[in-house]
Number of protein chains: 2
Amino acid sequence: MAVTIKDVARESGVNISTVSRALNHGYGVNEQTRERVVAVAARLDYRPNRVARGLVTGRTHSLALVLSDIRNPFFAELARGAEDAARAGNCDLVLCNSDLDPDKQMQYVRSLLEKRVDGILMNSVAVLSREQQARLAACGVPIVLLNRSALNRAFSTVCADNETGGALAAKYLLGLGHRKIAHLTGPREHGNLSDRTRGFISTLQSAKDPVQPIVLRGKFNFSGGCELTKQLLDEHPDVTAIFAGNDVMAFGAVRAALDRGLRIPEDLSLIGFDNIEFASVIHPPLTTIHQPMYEMGHAAIEILLRLARDKNKQVPEHRTLGVELIERQSCRQLSCINSIAVNSCNRPASC
Amino acid sequence: MAVTIKDVARESGVNISTVSRALNHGYGVNEQTRERVVAVAARLDYRPNRVARGLVTGRTHSLALVLSDIRNPFFAELARGAEDAARAGNCDLVLCNSDLDPDKQMQYVRSLLEKRVDGILMNSVAVLSREQQARLAACGVPIVLLNRSALNRAFSTVCADNETGGALAAKYLLGLGHRKIAHLTGPREHGNLSDRTRGFISTLQSAKDPVQPIVLRGKFNFSGGCELTKQLLDEHPDVTAIFAGNDVMAFGAVRAALDRGLRIPEDLSLIGFDNIEFASVIHPPLTTIHQPMYEMGHAAIEILLRLARDKNKQVPEHRTLGVELIERQSCRQLSCINSIAVNSCNRPASC
DNA sequence: AGAAGATTCGCAAACGTTTGCTATTATACA
DNA sequence: TGTATAATAGCAAACGTTTGCGAATCTTCT
């Protein structure tokens with residue numbers, strides 16, 4: 001069927017081992033024969049079979065990206081950074097959507113191990129049992145995790161400074177004078193979100209005049225943000241500010257607020273986390289914590305490539321990337337005097 | 001290193017061929033020995049090496065998805081559909097971002113062919129030269145294209161009914177009384193966008209009272225939509241409606257309009273294409289043409305799986321999936337009388 | 001010119017499977 | 001009991017590479 005190394009060897013009158021050497025590096029092969037072989041290979045349009053090569057070298061030049069859902073713009077951005085880095089390292093990237101389902105996740109990993117990928121970049125293993133994590137750590141292929149797992153230092157990790165991000169959000173809302181503050185987040189097992197929550201709450205509680213936020217947990221997607229906000233507005237109609245665990249939840253909160261006839265930021269201040277592209281597009285432009293998603297994906301794959309390179313020294317690497325607050329127009333100063341000063345109050349008559 | 005079929009064979013006292021048969025299907029192997037082998041394999045935690053298997057079977061159980069940029073929510077949705085279908089077919093999916101660069105695209109294909117993927121799903125080959133397309137068609141692996149390529153019927157195709165979608169947008173804007181209409185789109189080579197443009201323009205031109213739209217071509221992403229709209233507003237300040245070739249461009253148009261102090265839909269009507277999730281989130285919620293992105297990805301991979309299944313009968317398959325107009329709040333009736341009737345005019349005093 | 005060393009290249013094993021063929025044993029039937 | 005047939009399992013080739021080793025040739029130096 002396809003043209004193999006044997007065809008090239010026969011056609012250029014040398015042994016297959018010479019063809020292999022000529023095409024791969026050229027050491028130990030005469031310059032003239034090398035040129036001849038290369039020419040023949042080009043003429044026959046020879047494509048080395050990387051499956052066969054992988055079998056003998058033990059490297060497949062494939063990396064895997066296991067994340068919850070590529071439709072989350074955060075992961076799309078991250079995936080792009082990862083893919084670019086993989087490509088630069090001459091690897092390709094297989095995509096797996098786990099939906100954070102532990103069974104699905106382990107099933108993916110099994111399949112990836114059978115396929116002998118050179119490394120795996122995972123969104124989260126926090127949902128896995130301790131035993132499953134141990135099995136993972138012992139599986140032989142390098143694994144980089146995207147959230148800091150304080151428990152298991154067997155893995156390399158890349159993460160944004162989520163805790164600091166949460167703290168930034170808290171300081172910002174406090175600075176604007178908010179006291180009745182809510183926080184929308186996901187289940188406790190979710191590492192990233194939990195770190196944000198921790199930073200947020202502890203900063204609020206350690207203020208000169210401590211604040212105890214209302215914390216609601218649920219699905220951390222658009223509909224989750226929407227539902228939690230509606231629930232919040234029912235139970236605590238007096239909240240003045242919401243910190244959403246991610247931008248997509250914040251978008252859900254915007255929708256819920258609109259449905260209830262509330263305006264942002266006039267009636268409700270809102271701050272997100274992630275700074276995905278559409279955060280600047282929605283009305284009003286969303287104030288949020290920026291995390292360098294592309295760079296995280298890129299950095300994670302670079303670690304993976306290094307780990308895959310020399311199988312012997314498998315020392316885990318940990319990288320934390322900085323976050324920053326992007327101030328837009330979804331939060332307002334609470335005190336009326338100040339709000340007139342910054343001209344963010346549309347109802348001066350009512351002040 | 002890893003446990004191989006030989007280890008299982010030795011441990012259970014049979015030949016490796018028996019192990020292979022026992023684990024794969026069980027034909028021609030005694031029930032008792034089968035059970036014994038299975039037990040041993042489980043005890044040793046044996047994982048068959050799919051690289052080796054792929055070498056002999058000629059199938060890698062990998063499919064590839066070559067698209068312009070996963071960060072485009074359209075492609076993220078599509079990728080999710082594709083991945084789900086691939087997983088259901090026991091394949092995994094490698095992700096490639098081509099940025100629609102012909103060189104990059106061919107480079108990806110070369111690499112994928114070397115890796116012997118079982119099939120390739122491509123966003124677009126329209127940017128490729130006729131010769132490159134011919135090479136692609138002859139490469140031996142099944143290829144499904146995402147846009148209808150009227151030229152080359154060698155490939156299978158899956159597409160939304162883009163032309164009808166463009167026509168729907170045109171009819172809708174005409175129905176609202178618009179006459180000064182602009183259309184933002186990408187380069188002529190872009191199959192999808194061109195079909196939309198064709199349907200849009202021909203419908204406008206074949207109206208009782210024909211309209212000639214202003215067509216602007218540029219980058220078909222957020223910043224492209226933004227820049228084109230600014231250019232449009234500079235050159236044609238009297239336009240009343242814009243049809244953006246996709247939602248992301250529409251979002252760019254929203255941003256540009258806001259920057260120029262124009263309100264949507266009061267000062268400018270806007271209709272998009274795709275109906276990505278955030279179309280319903282932005283302010284105002286975007287009227288757009290829905291195309292079934294998840295289903296398209298799913299359908300394309302199903303075709304690929306079928307094609308990969310029996311290598312002999314390689315008859316291309318073509319599937320067109322329907323679109324529909326989602327009416328939200330980004331377009332207004334032009335005539336003032338009507339607009340009062342439908343209460344979409346916020347400035348009754350000026351009417 | 002002869003020896004030592006370098007260069008070039010072929011041979012064959014190895015990677016871990018699947019699978020056609022054959023040998024052996026068990027089963028059925030006359 | 002003997003023979004035809006079916007069930008079971010082993011042997012070995014094949015898939016397409018890479019790579020260690022050794023043979024042959026060429027180069028260089030004394």
Side-chain angles (χ1 to χ4, degrees), chain A residues 1-38 40-41 44-62 90 111 113-118 140-141 311, chain B residues 1-38 40-41 44-62 90 111 113-118 140-141 311:
Chain A
M1 190 73 187
V3 26
T4 81
I5 199 173
K6 288 178 191 169
D7 300 318
V8 179
R10 187 175 1 89
E11 201 76 10
S12 42
V14 296
N15 187 274
I16 61 165
S17 58
T18 303
V19 175
S20 177
R21 278 187 273 259
L23 261 32
N24 283 338
H25 43 258
Y27 309 142
V29 34
N30 183 282
E31 180 58 19
Q32 294 178 19
T33 60
R34 211 204 95 247
E35 284 172 2
R36 187 155 40 90
V37 169
V38 168
V40 169
L44 299 186
D45 195 25
Y46 166 66
R47 313 277 176 92
N49 183 330
R50 305 225 173 258
V51 178
R53 177 193 300 223
L55 183 57
V56 32
T57 62
R59 288 200 52 187
T60 54
H61 285 272
S62 297
N90 200 28
S111 162
L113 290 179
E114 290 187 356
K115 224 160 216 153
R116 301 298 193 263
V117 294
D118 293 336
V141 335
K311 288 280 194 184
Chain B
M1 192 70 189
V3 28
T4 81
I5 199 173
K6 288 179 191 168
D7 301 317
V8 179
R10 185 173 3 88
E11 201 75 9
S12 43
V14 296
N15 187 272
I16 60 165
S17 60
T18 303
V19 175
S20 176
R21 278 187 272 258
L23 261 32
N24 283 337
H25 43 258
Y27 309 143
V29 33
N30 183 283
E31 180 58 21
Q32 294 179 19
T33 61
R34 210 204 97 247
E35 284 172 3
R36 186 154 40 91
V37 169
V38 168
V40 169
L44 299 185
D45 197 25
Y46 165 67
R47 315 279 175 91
N49 183 330
R50 304 224 173 259
V51 178
R53 175 193 301 223
L55 183 58
V56 32
T57 62
R59 288 200 54 188
T60 55
H61 285 273
S62 297
N90 200 28
S111 161
L113 289 180
E114 290 188 355
K115 224 160 215 153
R116 302 299 192 264
V117 293
D118 292 336
V141 333
K311 288 280 196 187

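Just the heavy atoms: all of them, side chains too, but no hydrogens, waters or symmetry mates, feed the values below. Chain letters run A, B, ... following the sequence lines, proteins first, then strands; residues in each count from 1. Not measured: the values here are computed from a predicted model.
Between R53(A) and N24(A), the closest side-chain pair of non-hydrogen atoms falls below 4.5 Å. Side-chain contact between E11(A) and V8(A) is absent, with no heavy atoms from C-beta onward closer than 4.5 Å.
Other residues, nucleotides and ligands contribute at most 12 non-hydrogen atoms within 6.0 Å of the CD atom of Q32(A).
Near DNA chain D, meaning a heavy atom under 4.0 Å away, the residues from residues 11-21 of chain A are I16(A), S17(A), S20(A), R21(A).
Contact annotation for R47(A): backbone-only contact, meaning every heavy-atom pair under 4.0 Å involves sugar-phosphate atoms and none involves a base. Residue Y46(B) is in sugar-phosphate contact alone, with no base atom involved, counting any heavy-atom pair closer than 4.0 Å across all strands shown.
In this structure, R53(A) places its CZ atom 18 Å from P of dG16(C), rounding to the nearest Å. Computed from coordinates, the R50(B) CZ to dC15(D) C1' distance equals 17 Å when rounded to whole Å. Rounded to an integer number of Å, the gap from Q32(B) CD to dT8(D) C1' is 12 Å. Atom P of nucleotide dC15(D) and atom CZ of R59(B) are separated by 19 Å, given to the nearest angstrom. Counting to the nearest Å, the C1' atom of dA9(D) and the CZ atom of R34(B) are 16 Å from each other. Regarding H25(A), its NE2 atom lies at a distance of 14 Å from the P atom of dT7(C), rounded to whole Å. Atom CD1 of I5(B) is separated from atom C1' of dG10(D) by 13 Å (rounded to the nearest Å). Whole-Å rounding puts the Y27(A) OH to dC9(C) C1' distance at 18 Å.
Salt-bridge formation is not detected for the pair R47(B)/E114(A): no Lys NZ or Arg NE/NH1/NH2 atom is positioned less than 4.0 Å from an Asp or Glu carboxylate oxygen.
Note on N24(A): a side-chain N or O is less than 4.0 Å away from OP1 or OP2 of dT18(D). N30(A) has a side-chain polar atom (N or O) that falls below the 4.0 Å cut-off from OP1 or OP2 of dT8(C).
DNA chain D is contacted by both V56(B) and R36(B); R36(B) maps to the nucleotide lying nearer its 5′ end (nearest heavy atom per residue).
Nearest heavy-atom pair across T60(A) and K115(A) is CG2-O, 3.7 Å. Listed here is the closest heavy atom pair of D7(B) and T4(B): OD2-N, 2.8 Å.
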Test log, rule side chain to side chain contact (heavy atoms under 4.5 Å, CB included), inputs V38(A) and R34(A): CA-CA 6 Å; V38(A) 168; R34(A) 211 204 95 247; 4.3 Å; yes
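Of the candidate nucleotides dG16(C), dT17(D), dT17(C), dG16(C) has the atom nearest to the side chain of L55(B).
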